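I have placed the structure first, in the form of structure tokens, so that the comments after it can refer back to it.
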Amino acid sequence: MEINRTDVVQVFLAESEENLGTIEQTLIALERDSGNSELVEEIFRAAHTFKGNASCVGFTALADVTHMIEDYLDQIRVGARRLTQRVISLLLDSIDVLREMVAECANGSESLRGDHAVFVEELRSAIEREDAAVPAATDTSAHAASNGDGLRSRTLRVSVEKLDGLLNLAGEVAIARGRLRQMIESREPFNRILEVHREADQLHIDLQELVMRMRMVPIGPTFRQHVRTVRDLALSERKEATLVLHGEDVELDTKVVEHLRDPLLHMIRNAVDHGIERPEERVAAGKESCGIIVLSARHESGSIVIEIRDDGAGVDRQRILGRAIERGLVGASDKIADADIDQLLFSSGLSTAKQVSDISGRGVGLDVVRRNVETLHGSVSIESVPGIGTTFSIRLPLTLAIIDGFSVGVGRETFMIPLDAVVECVEVPLDGATSIDSCGVLSLRGDPLPWVRLREVFGVLAEPPPREKVVVVECGDVRAGLVVDELHGEHQTVIKPLGPLFHGLPGIAGSSILGNGRVALIIDVPGLIFDVTQRLAASRARGNFNGANTPIRAAVAEPGRKNWMRNR
């Protein structure tokens, strides 16, 4: 029987990351409970399985290195070698090297790389010595940023029960379509055809929901990667910290999980570097010498909320404010609330670190968090109490494949705005803006509202209607208005990715297919809000800034319908 080696390698890549992850997490648990023989056995079994899989695929260099590590684990298992923190660090560094070797094998290079060969020789020498000195290795403090990314294939493990349900629903949909076609051909009464159509439509919705559930994966494996991150960072900073996980079984869309890795890493590193104090400082403050970082996930109101909480020193607001004044983000005489000072942490280039290190100091970490979360149509907030600790909260949609969208019309074109970003809809007053203005500021119940006309942003060639509408959108604590021709209302939107030609197109997050077969572009709200601020700055520089305090009448056709007009 002919075997497709490519498929076998893909299976090996997926299983190797599981085995290496098991070894890594168990080693960290073993460090806290060195006398637990069951943990040693679990590590030994995972290493043995990984070695066998590598041999089956023909990756002999991988198998040889793993065999050497397996011999060392066997010495620990039988009590011939004492388990110390240095030994744990040695084995963890070996796991990092194995991950890199797997990635090299996946790219077609099955021989040892130069630096890997050096590490293996030093590892062999360390194993033979009684003191087991740890050889030099690559920096592992930030390994979670790319942990398994080179190994991870675009595959998911799906239970047989879900596949059976999918097959049954697909069969029922086929039967319903056949009935509908037969009734149309035989010219059955319209009401009977409509009834069968509704049944088929409900089956389609059930099928869609099942497919979405198949995309859902538990957040636990992503959380557990950061146990190693906290351990390594605490050691490098001469601190004591441990990571506590809650809600590991909470499920969310696999695409959300992929985009969540970098924000989690930056916030974990921030908690260890800026939050957790040194042991002597914690004891002097009446705390335990070991800091606690809690990483939790929970479902809430159709979204997922992820929290990173530490019991450290809290946010140094005076230092933040001082740095913000230095960079011109705020004025020296401005009176700013504590919550607004906390939000300054997400500003690009702002850092409270006293000096630049490999962990912090360049002011990009939390800015990356904010940008990545907004890309996921989510929001991030911070709460901090001096001396007690800090909590970062990320709120995200469960899936990025289907969203609730608000449909608007501009000329003959239709655009979709994520419903979570829509605050309310109002009319542009007759004296509020001329049809030739591309942007400006209007007064919404006394508050200034910057706006941009979608017709000008996307170059839609059509005459504007007598009265235009403004969709007020919000991203974080910033609001802006999108001027459109028509309001179509709420629709469930299936997101279709744009082709490579349209990657990076400003203001567009994706596309969707309408019921009439036409394409509707999905608006990138954070990107457009940024565009509004840039346009207003340019207009102000040219001296033709439209800043009239023109009142907007909060008048819409059906103000009682909360599904498409929302006032939060």
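For the single chain, residues carry numbers from 1 onward in sequence order. Fair warning: this is a prediction, and the values are worked out from it, not measured in the lab.
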Looking at [Y] and [X], is any side-chain nitrogen of the basic one under 4.0 Å from a carboxylate oxygen of the acidic one?
X    : Y    : result
E240 : R278 : no
D232 : R269 : no
K287 : E277 : yes

As a quick check of understanding, evaluate salt bridge (Lys or Arg N to Asp or Glu O under 4.0 Å) for E24 and R99, giving each step before the final call.
CA-CA 11 Å; E24 181 179 66; R99 279 198 175 99; 3.2 Å; yes
Kindly indicate whether the side chain of [X], heavy atoms from C-beta on, has any atom under 4.5 Å from the side chain of [Y].
X    : Y    : value
S393 : I306 : no
N53  : F59  : no
S89  : R231 : yes
L260 : I219 : yes
T242 : V230 : no
D115 : V97  : no
L27  : E31  : no
F119 : D93  : yes

Counting only heavy atoms not in E38, do more than 12 fall under 6.0 Å of its CD?
no
Flag if over 12 foreign heavy atoms under 6.0 Å of CD, E288:
no
Stepwise side-chain contact (heavy atoms from CB on, under 4.5 Å) test for S381 and F392:
CA-CA 6 Å; S381 61; F392 286 91; over 6 Å; no
Reported [atom1]-to-[atom2] distance for the pair [X] and [Y], which is rounded to 0.5 angstrom:
X    : Y    : atom1 : atom2 : answer
L265 : H226 : CG    : NE2   : 6.0 Å
I417 : L521 : CD1   : CG    : 12.0 Å
L166 : E161 : CG    : CD    : 13.0 Å
I292 : I276 : CD1   : CD1   : 8.0 Å
H116 : E121 : NE2   : CD    : 14.0 Å
E41  : H48  : CD    : NE2   : 12.0 Å

Test side-chain contact (heavy atoms from CB on, under 4.5 Å) on D524 and I508 and set out the steps.
CA-CA 5 Å; D524 173 19; I508 297 299; 5.7 Å; no
Mind listing the closest non-hydrogen atom pair of [X] and [Y] along with its distance?
X    : Y    : result
V369 : P263 : CG2-O, 3.7 Å
I95  : L20  : CG2-O, 4.0 Å
F50  : S16  : CE1-CB, 3.5 Å
I23  : A46  : CG1-CB, 3.6 Å
L73  : A47  : CD1-CB, 4.0 Å
T390 : G314 : OG1-CA, 3.4 Å

Answer with yes or no whether the side chains of N168 and E172 bring together a donor and an acceptor at under 3.5 Å.
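Absent: no donor and acceptor within the cut-off.
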For R224 and T22, test the side chains for any donor-to-acceptor distance below 3.5 angstrom and give the result as yes or no.
no
Salt bridge (Lys or Arg N to Asp or Glu O under 4.0 Å): which pairs involve residues 50-73, sequence neighbours left out?
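Residue pairs with at least one partner in residues 50-73: K51-E70.
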Stepwise side-chain contact (heavy atoms from CB on, under 4.5 Å) test for L203 and I175
CA-CA 10 Å; L203 288 171; I175 294 172; over 6 Å; no
Examine distances only and state if a side-chain atom of [X] and a backbone atom of [Y] form a donor-acceptor pair shorter than 3.5 Å.
X    : Y    : result
K162 : L210 : no
N270 : H266 : no
S384 : V315 : yes

Pairing residues for R298 by the side-chain hydrogen bond (donor to acceptor under 3.5 Å, both in side chains) criterion, not counting sequence neighbours:
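Result, side-chain hydrogen bond (donor to acceptor under 3.5 Å, both in side chains) vs R298: E300, E307.
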What pairs with S94 under side-chain hydrogen bond (donor to acceptor under 3.5 Å, both in side chains), at least two apart in sequence or on another chain?
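Per chain and number, S94 pairs via side-chain hydrogen bond (donor to acceptor under 3.5 Å, both in side chains) with no residue.
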List the steps and the verdict of side-chain contact (heavy atoms from CB on, under 4.5 Å) for F12 and N19.
CA-CA 10 Å; F12 168 74; N19 288 318; over 6 Å; no
